[in-house]
Amino acid sequence: MPASVYVVSIDPQASTVWWANRITDLPFDFSQEHESPENLQVLKDAGARVHVIANQKGGVGKTTTTLNLGAVVADVLKTSNKGLQHVFIDTPGSLQDENLLLEALKFAHDVIVPMPPEGLAFDPTARTIQKVIVPTGLPFKVVVNNWDPRDGTADLVDTQEYIDAQGWPRAQTVIRRYKVHTRASVEGRVVTQYPKNRVAMEAREDFFRLALEMGYGGRA
Ligand SMILES: Nc1ncnc2c1ncn2[C@@H]1O[C@H](COP(=O)(O)OP(=O)(O)O)[C@@H](O)[C@H]1O
Ligand SMILES: [Mg+2]
């Protein structure tokens with residue numbers, strides 16, 4: 001029986017690989033496929049729902065979102081025994097590798113676009129959505145990631161208003177900024193492996209909520 005979740009990276013820079021290789025007891029199957037994106041067809045043919053995480057701006061949280069969504073969905077489905085159900089694809093954060101992103105989108109059922117609440121991210125995110133995602137006709141959702149509640153709501157509200165003004169579908173869930181996420185990427189840990197303290201529980205709830213909202217299964 002294959003795992004219920006498969007995470008793929010097609011980012012040649014491969015921070016996902018570096019991260020995934022450090023995680024002990026990965027809760028999902030994982031592979032790097034930037035040299036052979038046609039392998040994605042096999043996963044789609046297996047009947048799985050394929051989700052591409054995309055934004056051609058680096059550092060917006062694609063890898064963080066991919067691995068942690070993969071982890072929470074695997075956690076929710078761990079007793080389901082229905083074989084492979086969801087594939088999450090991490091993609092490059094650069095314009096040079098646009099062909100790889102386009103290749104991944106051929107196999108996708110939907111697209112998640114992480115975006116931090118900062119003005120610098122607006123234009124590159126808009127380019128990815130308008131030039132790359134919208135022409136595919138795929139359903140997509142923009143997810144605000146890396147909002148620090150201690151900064152107040154002004155930047156968050158500005159970003160949400162910008163997204164809404166563009167007419168882009170936006171996730172209600174906001175992924176907050178927590179040091180535990182940044183540290184986890186260094187230590188090789190996904191949210192479902194965080195220590196059981198209050199802050200870590202809050203941090204992982206954002207990903208459980210996002211999975212539920214996206215319809216990937218979940219719990220409130
Ligand atoms: N919600 C968050 N809270 C804290 N740190 C975050 C969060 N999202 C991303 N980061 C950190 O920001 C950096 C860039 O994130 P990453 O997922 O690698 O972006 P991308 O894959 O889009 O380049 C990493 O160090 C990551 O740990
Ligand atoms: Mg990345």
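Numbering of residues begins at 1 and proceeds along the displayed sequence. These values consider heavy atoms only, across backbone and side chains, with no hydrogens, waters or symmetry-generated copies. In listed order, ligands and their atoms are each counted from 1.
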Quick check on contacts: which atoms of ligand 1 are under 4.0 angstrom from a heavy atom of [X]?
| X | result |
| --- | --- |
| R176 | 1 (N), 2 (C), 3 (N) |
| S185 | 27 (O) |
| K62 | 17 (O), 19 (O), 20 (P), 21 (O), 22 (O), 23 (O) |
| N146 | 1 (N), 2 (C), 3 (N), 4 (C), 5 (N), 6 (C), 7 (C) |

- Query: Checking only N/O/S atoms, does T63 have one that is under 2.8 Å from the Mg ion (ligand 2)?
  - Reply: yes

- Does E35 CD have over 12 foreign heavy atoms under 6.0 Å away? no

- Whether H51 and F88 hold their rings parallel, tilted or perpendicular, with breakpoints at 30° and 60°: tilted

- Name the orientation class of the two ring planes belonging to Y194 and H181 (parallel below 30°, tilted from 30 to 60°, perpendicular beyond 60°). tilted

- Query: atom 26 (C) of ligand 1: which of N55, T64, N145, V60 has the nearest heavy atom?
  - Reply: T64

- If you measure from atom 11 (C) of ligand 1 to every heavy atom of T66, V186, V180, T182, which option wins on shortest distance? T182

- Message: Taking only non-hydrogen atoms of R183, do any sit less than 4.0 angstrom from ligand 1?
- Response: no

- Task: Using non-hydrogen atoms of the residue, decide whether G93 is closer than 4.0 angstrom to ligand 1.
- Result: no

Distance-only check: which donor-acceptor pairs under 3.5 Å involve side-chain atoms of residues 131-138, not counting sequence neighbours?
unit_1, atom_1, unit_2, atom_2, d
T136, OG1, I133, O, 2.5
T136, OG1, L138, N, 3.2

- Message: For Y178 together with W147, are the ring centres under 6.0 Å from each other?
- Response: no

- Evaluate the side-chain proximity of R176 to N146: yes if any heavy-atom separation is below 4.5 Å, no if none is. no

- Contact check: G61 vs ligand 1, nitrogen or oxygen atoms, below 3.5 angstrom: yes

All N/O donor-acceptor pairs, side-chain side in residues 183-190, below 3.5 Å, sequence neighbours left out:
unit_1, atom_1, unit_2, atom_2, d
S185, OG, T182, O, 2.7
E187, OE1, R189, NH2, 3.3

